[in-house]
Amino acid sequence: MNAIRLAGDKSISHRALILASLAEGPCRLRNLPASADVDASRAALEAMGVQFMPARDESLIVISPESWHSESVQLSCGNSGTTARLLTGLLTGVGAPAILDGDESLRSRPMDRVVYPLQSMGGRISYLEKRDRLPIRLDARTSGALRVLRYRGRVASAQVKSAVLLAGLASHTEVEVWEPRLSRDHLELMLEALGAPLVSEPTEDESARVRLSSDVSDYVLPAFDLEIPGDISSASFLIAAGLITGRPVRVEGVGLNPTRTGFLDLLRSSGVEIEQEVTTHRLGEPVGTVELAPGAFTGFEIGAEHMPSVLDEIPLLAVLAVRAGGRTRITGAGELRLKESDRLAALAVNLRNLGVQVEETADGLAIEGTDAPLSGPIRAFGDHRIAMAFSVLDCDPRIEIEVDDPGCARVSYPEFAADLERILSGAVP
Ligand code: S3P
């Protein structure tokens, strides 16, 4: 059976580029995506003195700098929150000066969530225009080590957790992060596979605690090779398109980390036949195949407990809810208001434009499924996941949608339109 393979996972790619920039020898990365977000991390690291050498076999060799820059560099993070937050952690750790900025959307997103814990470690970070917002300035650390940090985060956020862990790793300082629920743990898996002194502390509830122990003081990150697993969040758009149009879909070589596969679990609990199989592990990351046999499905019940593992798939679940049997309820999703757009508002306004019955609350949505023909204009608000989710809904022959800015898919998934076309033309069973 023909199957689709996807470019590397965005979250893993940012982390692989950053870890390779700290490794003691040249690293080789394969299957990096051509997405604008990952390019932003790569360009920023290059401006900081990291060397990138594309090899003939399409892999990328990454060579860490002998010493970090001492003159302040201007870093543009584009639309990428992960670039801005992870690099703030990395730069705090290495103690090098920089100014970080982003596009209009990124400038409207909160930075205190990483700046505050990093300042508590001794990071010298200041806001240049508005409190809690980019642009920010990081001053060089003139003397001394960073302070040990035990941080209790208010929200489950992999960006916050990773920023603190990277600051600890790069400065050889013990750090501990507690989060109310386990967010994506790619950095932890990679660090564990590379022998870092990482301890996942047991907790008595659904919260999660991870620590880089004091042994980090003399830990040296070894060189590594990694083929980045396919992006499960990109795969989810194709699976949803298969579901909407009744076409089977098979995806191979895709990341199946349980902190990312909530979308597949929710589809299953709504009656969808979907199989997943882990066939290998790469630097601790489970990788394998997903196979969809499309059929009817009921509405979704999505609560705070599901949120970390479906965080980026909520726009997709909300558009699938339109063709689900019955009502979908999404709660505990307040964090979605702080993404590339206010995703709850963007979903509500667009679904209403199509004539779907929607209720919007402070932290969620309620959506009535319907089998009526629907049509209307869609505003993406410059948000790649909103644009792609509605493009998937548009695959339904009884829905007619005009997305104002489909091109913003390039932020995470530049091949989206071509892959969707392959699914629709039946080239991929
Ligand atoms: C990401 C973490 C999530 C997610 C984002 C990527 C990451 O954000 O929404 O697309 O790679 O760390 P939060 O950390 O804000 O939850």
Side-chain angles (χ1 to χ4, degrees), residues 8-19 32-33 35-38 40-42 77-90 102 105-106 108-118 132 134 151 153-167 177-191 208 210 228-229 231-237 255 257 259-263 285 304 306-317 332-344 346 363 383-386 388-389 408-409 411-413:
D9 183 88
K10 181 158 84 74
S11 290
I12 299 176
S13 299
H14 288 293
R15 289 161 174 80
L17 287 168
I18 293 173
L19 287 186
L32 277 166
S35 67
D37 271 15
V38 173
S41 282
R42 176 177 160 175
C77 304
N79 190 247
S80 173
T82 310
T83 303
R85 287 152 181 164
L86 267 54
L87 287 190
T88 305
L90 173 71
S105 149
L106 189 54
S108 71
R109 298 176 62 190
M111 285 299 288
D112 257 354
R113 51 182 59 200
V114 288
V115 167
Y116 171 69
L118 295 170
D132 197 18
L134 291 175
Y151 185 64
R154 202 178 42 79
V155 290
S157 162
Q159 293 176 351
V160 173
K161 174 174 61 177
S162 301
V164 170
L165 289 175
L166 288 171
V177 184
W178 178 96
E179 48 183 355
R181 288 199 167 79
L182 179 67
S183 64
R184 61 191 68 189
D185 61 356
H186 304 301
L187 184 61
E188 295 97 298
L189 292 183
M190 292 163 101
L191 284 174
V210 64
I228 316 279
D231 194 317
I232 183 67
S233 292
S234 300
S236 300
F237 288 105
N257 182 316
T259 62
R260 296 286 300 283
T261 50
F263 176 70
E285 286 287 345
H306 300 108
M307 217 36 75
S309 70
V310 290
L311 196 60
D312 292 342
E313 280 62 70
I314 294 292
L316 200 45
L317 287 159
E335 273 289 300
L336 261 78
R337 296 199 181 278
L338 305 173
K339 296 292 174 189
E340 287 83 330
S341 68
D342 175 341
R343 286 188 176 154
L344 296 180
D363 72 344
D383 184 334
H384 55 133
R385 296 199 198 281
I386 297 292
M388 290 190 283
C408 61
V411 159
S412 64
Y413 188 7

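All ligand and atom numbering here is 1-based and tracks the order in the structure. The structure presented is a predicted model; accordingly, all values stated were derived computationally and were not measured. Values below: all heavy atoms of this structure, side chains included; hydrogens, waters and symmetry mates excluded.
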Nearest heavy atoms of [X] and [Y], plus distance in Å:
X      : Y      : answer
Leu32  : Leu17  : CD1-CD2, 4.1 Å
Ser341 : Ile386 : OG-CG1, 4.0 Å
Pro308 : Ala304 : CD-O, 3.8 Å
Val38  : Pro33  : CG2-CG, 3.7 Å

Working to the nearest 0.5 angstrom, can you tell me the gap between Met307 CE and Ile314 CD1? 4.0 Å

For [atom], find the nearest protein heavy atom and state the residue, atom name and distance (0.1 Å precision).
atom                    : result
atom 16 (O) of ligand 1 : Leu311 CD2, 3.3 Å
atom 11 (O) of ligand 1 : Ser11 OG, 2.7 Å
atom 12 (O) of ligand 1 : Arg15 NH2, 2.6 Å
atom 1 (C) of ligand 1  : Gln159 NE2, 3.7 Å
atom 14 (O) of ligand 1 : Ser157 OG, 2.7 Å
atom 8 (O) of ligand 1  : Lys339 NZ, 3.0 Å
atom 10 (O) of ligand 1 : Asp312 OD2, 2.9 Å

Quick one: does His14 get within less than 4.0 Å of ligand 1, heavy atoms only?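 No, that is not the case, since the closest heavy atom of the residue is not under 4.0 Å from the ligand.
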
Decide whether the shortest distance between a heavy atom of Lys161 and an atom of ligand 1 is less than 4.0 Å. no

Counting only heavy atoms from other residues, nucleotides and ligands, does the tally under 6.0 Å from OH of Tyr151 exceed 12? yes

Ligand 1 atoms in contact with Ala158 (distance to a heavy atom under 4.0 Å):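 That gives atoms 12 (O), 14 (O) of ligand 1.
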
Number the atoms of ligand 1 from 1 as they appear, then name those within less than 4.0 Å of a heavy atom of Thr82, with their elements.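 In order of numbering, the contacting atoms are 1 (C), 6 (C), 7 (C), 11 (O).
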
Does either side chain, that of His384 or that of Ser412, offer a donor lying less than 3.5 Å from an acceptor on the other one?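 Yes - a donor-acceptor pair under 3.5 Å links their side chains.
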
Among side-chain atoms of Lys161 and Ser183, is any donor-acceptor pair under 3.5 angstrom?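 The criterion, which ignores hydrogens and geometry beyond distance, is satisfied for Ser183 and Lys161.
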
At under 4.0 Å between heavy atoms, is it the side chain or the backbone of His186 that contacts ligand 1, or both, or neither?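 Under 4.0 Å from ligand 1, His186 contributes no heavy atoms.
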
